[in-house]
Amino acid sequence: MATKSMIRNVNQHVGETVTIGSWINNKRSSGKIQFLQLRDGSGYIQGVVVKSEVSEQVWNDAKSLTQESSVYVTGVIREEPRSQSGYEMTVTGLEIIHLTENYPITPKEHGVDFLMDHRHLWLRAPKQRAIMVIRGEIIRAVQEFFDQNDFTLVDPPILTPTSAEGTTNLFHTKYFEEDAYLTQSGQLYMEAAAMALGKVYSFGPTFRAEKSKTRRHLIEFWMIEPEMAFTDHEESLQVQEQFISHVVQSVVKNCKTELEAVGRDISKLENIKAPFPRITYDDAITFLQGEGFDIPWGEDFGAPHETAIAEKYDKPVFITHYPAGIKAFYMKPDPNRPDVVLCADMIAPEGYGEIIGGSQRIDDPVLLEQRFKEHELSMETYQWYMDLRTYGTVPHSGFGLGLERTVAWICGLDHVRETIPFPRTLYRLYP
């Protein structure tokens with residue numbers, strides 16, 4: 001009986017007979033030879049069926065195979081330098097599990113709406129599979145970085161009684177007799193966890209009920225949110241650039257085949273290594289005005305502004321020290337200039353916008369209470385958050401990374417909808 005193998009492991013079975021459970025990605029024939037393009041989720045390999053070397057049953061079964069039919073294919077693995085994987089299978093046996101009829105996604109061009117309606121099948125396409133593999137590697141590298149740097153993974157709640165940033169873009173639900181909301185950030189809870197564990201990070205889904213349909217926005221997305229006690233703004237920036245460098249270089253090292261499959265210029269990613277350039281909000285405003293943008297001091301940046309700034313750099317760039325009036329209530333003012341806060345947005349190159357937002361948090365209980373009043377936030381609702389400053393307050397900082405925007409940037413994708421298995425956008429809740 002042949003050994004079962006996955007395609008990614010065939011290099012361990014050269015010269016051996018193995019069986020691979022797979023789907024037919026494509027098929028072509030040349031007279032008395034059939035070429036089966038096999039995929040099993042772990043990779044691709046070509047199975048060669050030679051009429052004179054197999055039974056009539058195997059030959060006819062191979063002829064009957066259609067796109068996405070499922071099969072057990074048995075054969076001998078051999079090296080093949082012309083193959084993308086470097087290996088090929090000489091087929092000796094074939095067992096049909098299921099013959100697929102009228103598979104809806106064919107090699108022809110399909111519209112985006114059609115593909116999104118069939119997202120459950122579109123995921124099987126080589127490019128979509130490559131994106132998911134890269135996403136998985138990014139997640140692995142994220143966890144590796146924080147594990148290696150003594151962070152503890154903590155899971156904040158998804159159902160919350162209020163907003164993290166005082167906004168109204170929340171999904172409302174009922175928690176028995178109380179109002180509740182789907183989380184838009186775990187940050188406040190992570191601050192509490194940092195006071196217990198020192199350095200923590202969360203990794204989970206977040207929700208924004210913004211009626212936005214740009215190529216950068218999803219309704220449901222995943223956030224990585226580290227929080228660090230006894231850490232100031234400058235130290236946090238250093239962690240951020242080391243973190244992004246580690247993630248990008250891990251993908252470059254472990255996903256070259258997949259990056260090539262999505263058409264990514266790998267040389268641009270190889271350059272992503274700390275340190276990263278920095279520009280203050282003040283200097284960014286001056287630069288943008290010099291480029292012809294009509295943007296006054298005190299206004300937040302939109303996508304065109306971020307893109308214009310990013311085009312000046314071949315690495316991510318930090319924009320630091322934004323005006324306090326356009327940032328969240330919990331951000332610490334610059335002691336030397338209270339009208340700006342100790343914060344930074346990390347803008348990815350090539351027009352992919354903000355991938356990280358972070359700041360040093362207010363640790364002064366008097367100032368935090370003042371912020372509650374300025375933002376008209378309920379002290380009763382936030383009393384537990386105030387307790388963090390009342391009982392052993394310390395300087396602390398944190399940041400949030402949007403996973404899907406990061407995947408889009410690393411893969412070089414035009415739209416964020418391809419970065420998550422089943423995207424939730426303004427007009428899409430199916431499949």
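The analysis underlying the following values was restricted to heavy atoms, covering all of them including side chains, and did not include hydrogens, waters or symmetry mates.
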When rounded to the nearest 0.5 Å, the distance separating CG of Asn9 from CD of Gln12 is 4.5 Å

Do Leu413 and Lys127 make a side-chain contact, defined as non-hydrogen atoms from C-beta onward lying under 4.5 Å apart?
yes

>> Could you check whether His305 and Phe293 have their ring centres less than 6.0 Å apart?
In response: yes

* **Side-chain donor or acceptor of Lys332 paired with backbone N/O of Ser397 under 3.5 Å** => no

Could you walk me through whether Asp117 and Arg428 pass the salt bridge (charged side-chain N to carboxylate O under 4.0 Å, His left out) test, one step at a time? CA-CA 9 Å; Asp117 285 341; Arg428 182 165 297 281; 2.9 Å; yes

Looking at Glu380, is its backbone amide N or carbonyl O close enough to the side chain of Ser378 to form a donor-acceptor pair, meaning the two atoms are under 3.5 Å apart?
yes

Exercise for the section: Considering only NZ, NE, NH1 and NH2 on the basic side and carboxylate oxygens on the acidic side, decide whether Lys174 and Asp179 come within less than 4.0 Å. Expected result: yes

Output for pair (Ser64 OG, Ile24 CD1), nearest 0.5 Å, gives 9.5 Å

Ile105 and His110 have their tightest heavy-atom pair at CA-NE2, 3.7 Å

Under 3.5 Å, side chain of His415 to main-chain N/O of Arg417, donor-acceptor pair present? yes

- prompt: For Ile347 and Ile309, what are the C-alpha separation, side-chain angles and deciding distance, and is it a side-chain contact (heavy atoms from CB on, under 4.5 Å)?
  reply: CA-CA 8 Å; Ile347 310 300; Ile309 294 166; 5.8 Å; no

Should Trp409 and Val248 count as side-chain neighbours, where that means a heavy-atom distance under 4.5 Å?
yes

What orientation do His246 and Phe145 show, parallel under 30°, tilted 30 to 60°, or perpendicular over 60°?
-> tilted

Interatomic distance, CD1@Ile219 vs NZ@Lys213, rounded to 0.5 Å, equals 12.0 Å

Between Pro104 and Phe114 the two heavy atoms that sit nearest each other are O-CZ, 3.6 Å

Note: Glu306-Arg216 ion pair, threshold 4.0 Å (strictly below): yes

When every non-hydrogen atom of Thr74 is compared with those of Ala2, the smallest separation belongs to CG2-CB, 4.0 Å

Is any side-chain heavy atom of Arg39 closer than 4.5 Å to a side-chain heavy atom of Arg124? yes

Q | Criterion side-chain hydrogen bond (donor to acceptor under 3.5 Å, both in side chains) on His396 and Gln360, from CA distance to verdict | A | CA-CA 6 Å; His396 62 290; Gln360 185 167 342; over 6 Å; no

ask   = Are the side chain of Ser70 and the backbone N or O of His98 linked by a donor-acceptor pair below 3.5 Å?
value = yes

Legend entry - Pair Glu225-Gln187, side-chain hydrogen bond (donor to acceptor under 3.5 Å, both in side chains): steps then yes or no: CA-CA 7 Å; Glu225 297 185 277; Gln187 181 210 308; over 6 Å; no

Worksheet item: When the ring planes of Phe151 and Tyr201 are compared, do they come out parallel, tilted or perpendicular, using 30° and 60° as the limits?
Response: perpendicular

### Task
State, yes or no, whether a side-chain contact exists between Val91 and Met89 at a heavy-atom distance under 4.5 Å.
yes

Point to revise | Tyr189 ring center near Trp384 ring center (under 6.0 Å) | key: yes

Do side-chain atoms of Ser30 reach the backbone of Ile33 as a donor and acceptor pair under 3.5 angstrom? no

side-chain hydrogen bond (donor to acceptor under 3.5 Å, both in side chains), that's the test. Do Asp345 and Tyr322 meet it? Break it down for me. CA-CA 9 Å; Asp345 289 345; Tyr322 282 76; 3.1 Å; yes

For Phe146 and Phe399, take the angle between the two ring planes, folded into 0 to 90°, and tell me which bin it lands in: parallel under 30, tilted 30 to 60, perpendicular over 60. tilted

Check: Arg82 main-chain N/O paired with Glu80 side-chain donor or acceptor under 3.5 Å: yes

**Item:** Glu16, CD: over 12 other non-hydrogen atoms inside 6.0 angstrom
**Value:** yes

Exercise for the section: Test salt bridge (charged side-chain N to carboxylate O under 4.0 Å, His left out) on Glu220 and Arg208 and set out the steps. Expected result: CA-CA 7 Å; Glu220 175 186 305; Arg208 299 280 170 96; over 6 Å; no

Centroid-centroid under 6.0 Å between Phe221 and Phe207 rings: no

Heavy-atom side-chain proximity of Asp40 to Ile45 below 4.5 angstrom: no

Should the pair Glu234-Arg278 be classified as a salt bridge under the 4.0 Å nitrogen-to-oxygen rule? yes

| query | Taking the six-membered ring where the residue is Trp, are the ring centres of Phe301 and Tyr281 under 6.0 Å apart? | reply | yes

Donor-acceptor pair, side chain of Arg129 and main chain of Ser42, under 3.5 angstrom: yes

Ring centroid separation His233 to His321 under 6.0 Å:
yes

Quiz item: So, do Glu311 and Thr307 sit near enough that their side-chain heavy atoms are less than 4.5 Å apart?
Solution: yes

Query raised in the report: Is any NZ, NE, NH1 or NH2 atom of the basic residue among Glu227 and Lys199 found under 4.0 Å from an Asp or Glu carboxylate oxygen of the other?
Result: no

Within 6.0 Å of CZ in Phe230, more than 12 heavy atoms from elsewhere: no

Is the backbone of Ala308 close enough, under 3.5 Å, to the side chain of Lys312 for a donor and an acceptor to pair up by distance?
-> no

The reported gap from CD1 in Ile134 to OG1 in Thr419 (rounded to nearest 0.5 angstrom) is 11.5 Å

With Glu350 as partner, the option from Lys268, Arg405, Lys315 fulfilling salt bridge (charged side-chain N to carboxylate O under 4.0 Å, His left out) is Lys268

One should read off an interatomic distance between Leu403 CG and Ile420 CD1, to the nearest 0.5 angstrom, of 7.5 Å

Heavy-atom side-chain contact between Met331 and Arg371 under 4.5 Å = no

Taken to the nearest 0.5 Å, the spacing of Ile97 CD1 from Glu95 CD works out to 6.5 Å

Between Glu144 and Arg140, is the closest basic N to carboxylate O distance under 4.0 Å?
yes

Ile77 and His13 have their tightest heavy-atom pair at CB-O, 3.4 Å

request  = Apply side-chain hydrogen bond (donor to acceptor under 3.5 Å, both in side chains) to Ser245 and Glu241, showing your working.
outcome  = CA-CA 6 Å; Ser245 300; Glu241 60 191 5; over 6 Å; no

Note to self: For Tyr44 and Gln37, which I'm curious about, is there any donor-acceptor pair between the side chains at under 3.5 Å?
What the structure shows: no

- For the side chain of Ser69 and the backbone of Thr100, is there at least one donor-acceptor N/O pair under 3.5 Å apart? yes

Treating Gln34 as the side-chain partner and Lys63 as the backbone partner, does any N or O pair qualify as donor plus acceptor under 3.5 Å?
yes

In terms of heavy-atom contacts, Gly412 and Arg264 come closest through N-NE, 3.5 Å

Minimal heavy-atom distance between Thr231 and Ser236, with the atoms involved, is CG2-N, 3.9 Å

Query raised in the report: With a 4.5 Å limit on heavy-atom distance, are the side chains of Thr19 and Val73 in contact?
Result: no

Quiz item: Taking atom CG of Asp265 as the centre, does the number of heavy atoms from other residues, nucleotides or ligands within less than 6.0 Å exceed 12?
Solution: yes

